[in-house]
2 protein chains.
Amino acid sequence: MISDTIHIAIVEDDHEIRQTLQLILDGSNGFACKYAFPDAESAIASIPNLPVDVVLMDIDLPGKSGIDATRELKRNLKSIDFIMLTVQSDDDSIFESLCAGASGYLLKDTNPADLLVHIKEVFNGGSPMSSQIARRIINSFRIIDNPLSDRETEILKLLSQGMNYKDVAETAFLSPHTVKTHIKNIYSKLHVNNRAEAIYKAIKQKLI
Amino acid sequence: MISDTIHIAIVEDDHEIRQTLQLILDGSNGFACKYAFPDAESAIASIPNLPVDVVLMDIDLPGKSGIDATRELKRNLKSIDFIMLTVQSDDDSIFESLCAGASGYLLKDTNPADLLVHIKEVFNGGSPMSSQIARRIINSFRIIDNPLSDRETEILKLLSQGMNYKDVAETAFLSPHTVKTHIKNIYSKLHVNNRAEAIYKAIKQKLI
DNA sequence: AATAAAATACCCCATAAGAGCGATTGATTC
DNA sequence: GAATCAATCGCTCTTATGGGGTATTTTATT
């Protein structure tokens, strides 16, 4: 927001951690940390009116969670970067945080010197995270296993574009009857009974 | 594959880079780099029979690309970790690499000392990448903007589970007529004419 | 107070989809 | 050489879907 110095806010319920972090950050060259909140509600009320660049957000807060707070704040404050700083590293927390708009995800045992580096990285458009957490995210891109044949996958892709039997038949140079048979086999392999669920499952399993 | 020492293979077409890297890696304590290939084809032919833990893979190779090579090798060699080591950092290369099975993605200007650290990280189940690259990946989790109301989103989710008008109506305590109206509005907002395409678009745009 | 969305409900009608059948051909695998 | 699977084509029947309307009430938003 304001040049040179990176302005930070902390949202953390533990009094001890909050004060210590604030002291360290505010005392470091190039950083200012004038604002610290013990809960999501007070952060949501104040941060929109503060000159803040980066918010360090705890996930486990009393009342509203840090993920919800991030979602709400990020909605109207696109330029502020949020770093989740937490003890939790389960997949759900990570993905929810990222979907809510977090730019970084660090564990609380990150040492202060590294934390400063990571805050700078976020400020400069990066997304710091431990390589362990990165791996979890990367694994979400993997295909588990594909029960569909090439032809079936091709047809399912055409269906996902809104085509009906006739359209698919013409595109794939097939009889509509054949298309129908393929689709029935697709449903059977995916254990579904209709197009909507087939497409949903196929995308979630990265088959299309 | 074999304990203590991490066994590395390099796939890189530039003779100079390949030799230099191999020398550095093989000369480092705890690392062995006995295999280096100038192209995808020779790597694909040899690596399945070699005791290798980590492969450093260039993307830009003559003939078959490093991404394709990774995909083919990873299919049968689940336990080998692949690190893409490249000059390209465009979104497509990153995502294709991850989908192909890469565990890390580093730029070629990474210095040797860091490279060693990153190879260790991959070997220990991490996924090293620069925080700039991490940000691109994270951005893929973001919602662009959601034209659907809460009720519409709720109904679309139920549709994606394979429900028909009647099922949705019962689940959401609505008349089937109302469900139909909502669905028509969903189609209109997403600019589609049927369920399949609606679900496809909605997932791609992270609306459901 | 006025306007715009969102949420609710209903009607008609042509067509698309899905379930349940059967069948042939050519690879691949065991 | 048998068995399996992929890919192809066909039929009937019932139900679901989507397009075309209209209309009321509630809930923001201005």
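Reckoned from all heavy atoms, side chains included, excluding hydrogens, waters and symmetry mates. Below, chain A is the first sequence line, B the second, and so on; all start at residue 1.
Here C:dA23 presents its C1' atom at 13 Å from NE2 of A:His177, a figure rounded to the nearest Å. Rounded to an integer number of Å, the gap from A:Asn164 CG to C:dT15 P is 12 Å. Rounded to whole Å, the distance from NE2 on B:His182 to C1' on C:dT8 is 6 Å. Going from atom OH of B:Tyr165 over to atom C1' of C:dA9 covers 15 Å, rounded to whole Å.
Ranked by how close their nearest DNA chain C nucleotide is to the 5' end, B:Lys180 and B:Asp150 are led by B:Asp150.
Looking at heavy atoms from C-beta onward, B:Ile10 lies out of side-chain contact with B:Phe37 at the 4.5 angstrom threshold. Counting heavy atoms from C-beta outward, A:His118 and A:Leu106 have side chains that approach closer than 4.5 Å. Annotation: side chain of B:Ile83 is not in contact with side chain of B:Val55 (no heavy-atom distance under 4.5 Å). Residues B:His182 and B:Thr178 are in side-chain contact: their nearest non-hydrogen atoms beyond the backbone lie under 4.5 Å apart.
For B:Thr178 and C:dA9, the shortest distance from a side-chain N or O to OP1 or OP2 is below 4.0 Å. For the pair B:Ser175 and C:dC10, the criterion of a side-chain N or O lying under 4.0 Å from OP1 or OP2 is met.
Side-chain polar atoms of A:Ser93 and A:Asp90 form a donor-acceptor pair below 3.5 angstrom. Between the side chains of B:Asp39 and B:Ser42, at least one donor-acceptor pair of N or O atoms lies under 3.5 Å.
Extent of DNA chain D lying under 4.0 Å from chain A heavy atoms, first and last nucleotide in 5' to 3' order, is D:dA6 to D:dC11.
Here B:Asn185 contributes atom CG and B:Ser149 contributes atom OG; the two are 8.5 Å apart, rounded to the nearest 0.5 Å.
In the displayed structure, B:Lys189 atom NZ is contacted under 6.0 Å by more than 12 heavy atoms of other residues, nucleotides or ligands.
Within residues 183-203 of chain A, the residues approaching DNA chain C are A:Lys184, A:Tyr187, A:Asn193, A:Asn194, A:Arg195, by heavy-atom distance under 4.0 Å.
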